[in-house]
Engineer: 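To start, I am sharing the structure in question, which I have written as structure tokens.
No experiment lies behind these values; they were computed from the predicted model shown. The first residue in the sequence is number 1, and the count goes up from there.
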Amino acid sequence: GFDVISFADVLEHMYNPWEAMVLAKDLLSGRGKCVFQIPNMGHRSIIGGLLSNRFDYELMGLLDVTHIRFFTPGSFEDACQQAGYKIIRKVPIMEENPQPVLSAFSTLISGSEDVKNFLRILGVAQINLPLLAMWQICYVCEPL
């Protein structure tokens, strides 16, 4: 079996990525790991587009025209568990300098009851600010 199988920017291009994740486990050695690199649909550019009534595919990037599936970190972590994997490491791939954007969001949210109420109306109980500046996440997983 293989010691490492890498799905770097692959699963979002598949009709059934969950099946591929399950099948990969059978190809691993006893100590084998799968590495999954997943675009983050929770990035601020996607959220901003949705709030502006836009979800426009692009030639490359988070909304690449060849993407068939979309994941947030939470939905992908659920997929890992359902496919029989334990996540042993997560590596966020951030914007080049996320701090100014994250500070602005933090100030806006903490300083305004109107913003907090609006987020509650949207069904947002809590915002993971770093998620807004994360382009991708790389997961290292092992079979359960």
Engineer: Could you state whether I127 and M134 fall into the same hydrophobic cluster, counting links through intermediate Ile, Leu, Val, Met, Phe, Trp or Tyr residues with side-chain heavy atoms under 4.5 angstrom apart?
Structural biologist: no
Engineer: Around atom CZ of F55, are there more than 12 heavy atoms of other residues, nucleotides or ligands at under 6.0 Å?
Structural biologist: yes
Engineer: Can a side-chain donor-acceptor contact be found between Q136 and H43 if the only test is distance below 3.5 angstrom?
Structural biologist: no
Engineer: Can you name the nearest heavy-atom pair linking L102 to L129, along with the distance?
Structural biologist: CD2-O, 3.0 Å
Engineer: Is the count of non-hydrogen atoms from other residues, nucleotides or ligands lying under 6.0 Å from L59 atom CG greater than 12?
Structural biologist: no
Engineer: In this structure, would W135 and V91 fall into the same cluster of hydrophobic residues linked by side-chain contacts under 4.5 Å?
Structural biologist: no
Engineer: Look up atom NZ in K90 and atom SG in C141, then write down how far apart they are to the nearest 0.5 Å.
Structural biologist: 10.0 Å
Engineer: Examine distances only and state if a side-chain atom of D9 and a backbone atom of P39 form a donor-acceptor pair shorter than 3.5 Å.
Structural biologist: no
Engineer: The test is side chain to side chain contact (heavy atoms under 4.5 Å, CB included); show your working for I87 and V140 and say whether it passes.
Structural biologist: CA-CA 6 Å; I87 298 168; V140 178; over 6 Å; no
Engineer: Just checking, any donor-acceptor pair under 3.5 angstrom between side chains of T72 and S75?
Structural biologist: yes
Engineer: Is there a side chain to side chain contact (heavy atoms under 4.5 Å, CB included) between V35 and Y139 once you walk through the steps?
Structural biologist: CA-CA 6 Å; V35 177; Y139 293 89; over 6 Å; no
Engineer: Find the distance between CG (L62) and CZ (R44) and round it off to the nearest 0.5 Å.
Structural biologist: 11.0 Å
Engineer: Side chain of S52, backbone of R54: donor and acceptor closer than 3.5 Å?
Structural biologist: no
Engineer: Grab the two heavy atoms, one from I47 and one from G42, that are nearest each other, plus how far apart they are.
Structural biologist: CG1-O, 3.8 Å
Engineer: Apply side chain to side chain contact (heavy atoms under 4.5 Å, CB included) to E58 and D64, showing your working.
Structural biologist: CA-CA 5 Å; E58 301 168 355; D64 186 304; over 6 Å; no
Engineer: State whether a side-chain donor-acceptor pair under 3.5 Å links S112 with D114.
Structural biologist: no
Engineer: So which atom in G61 and which in H67 form the shortest heavy-atom distance, rounded to 0.1 Å?
Structural biologist: O-CE1, 3.3 Å
Engineer: Are I93 and L63 in one and the same hydrophobic cluster, where Ile, Leu, Val, Met, Phe, Trp and Tyr link if side-chain heavy atoms are under 4.5 Å apart?
Structural biologist: no
Engineer: Using the six-membered ring wherever Trp is involved, compare the ring planes of F70 and Y57 and label them parallel, tilted or perpendicular (cut-offs 30° and 60°).
Structural biologist: tilted
Engineer: Between atom CG of L144 and atom CD of Q81, what is the distance when rounded to the nearest 0.5 Å?
Structural biologist: 7.5 Å
Engineer: Tell me, do F71 and P17 make a side-chain contact under 4.5 Å, heavy atoms counted?
Structural biologist: yes
Engineer: If two hydrophobic side chains count as joined below 4.5 Å and joins carry through other members, does I46 share a cluster with L122?
Structural biologist: no
Engineer: Looking at every heavy atom in both A83 and M21, which two are closest together, and how far apart are they?
Structural biologist: CB-CB, 3.9 Å
Engineer: Would L27 and V22 show up in the same hydrophobic cluster when neighbours are defined by side-chain heavy atoms closer than 4.5 Å?
Structural biologist: no
Engineer: Can you tell me how far apart CD (E77) and CD1 (I137) are? Round to the nearest 0.5 Å.
Structural biologist: 6.5 Å
Engineer: Quick check: closest heavy atoms across C34 and Y85, and the distance to 0.1 Å?
Structural biologist: SG-OH, 3.4 Å
Engineer: Can you tell me how far the CD1 atom of I38 sits from the CZ atom of R69, to the nearest 0.5 Å?
Structural biologist: 13.0 Å
Engineer: Inspect the contact between R31 and E142 and indicate whether a charged nitrogen and a carboxylate oxygen are less than 4.0 angstrom apart.
Structural biologist: no
Engineer: What closest approach, in Å, do S110 and K116 show between heavy atoms, and which atom pair accounts for it?
Structural biologist: O-NZ, 3.7 Å
Engineer: Could you state the interatomic distance from CG (L28) to CD1 (I5), rounded to the nearest 0.5 Å?
Structural biologist: 4.5 Å
Engineer: Start with the C-alpha gap between L11 and F76, add the side-chain angles, then the distance that decides, and say whether side chain to side chain contact (heavy atoms under 4.5 Å, CB included) holds.
Structural biologist: CA-CA 10 Å; L11 294 178; F76 186 73; 3.7 Å; yes
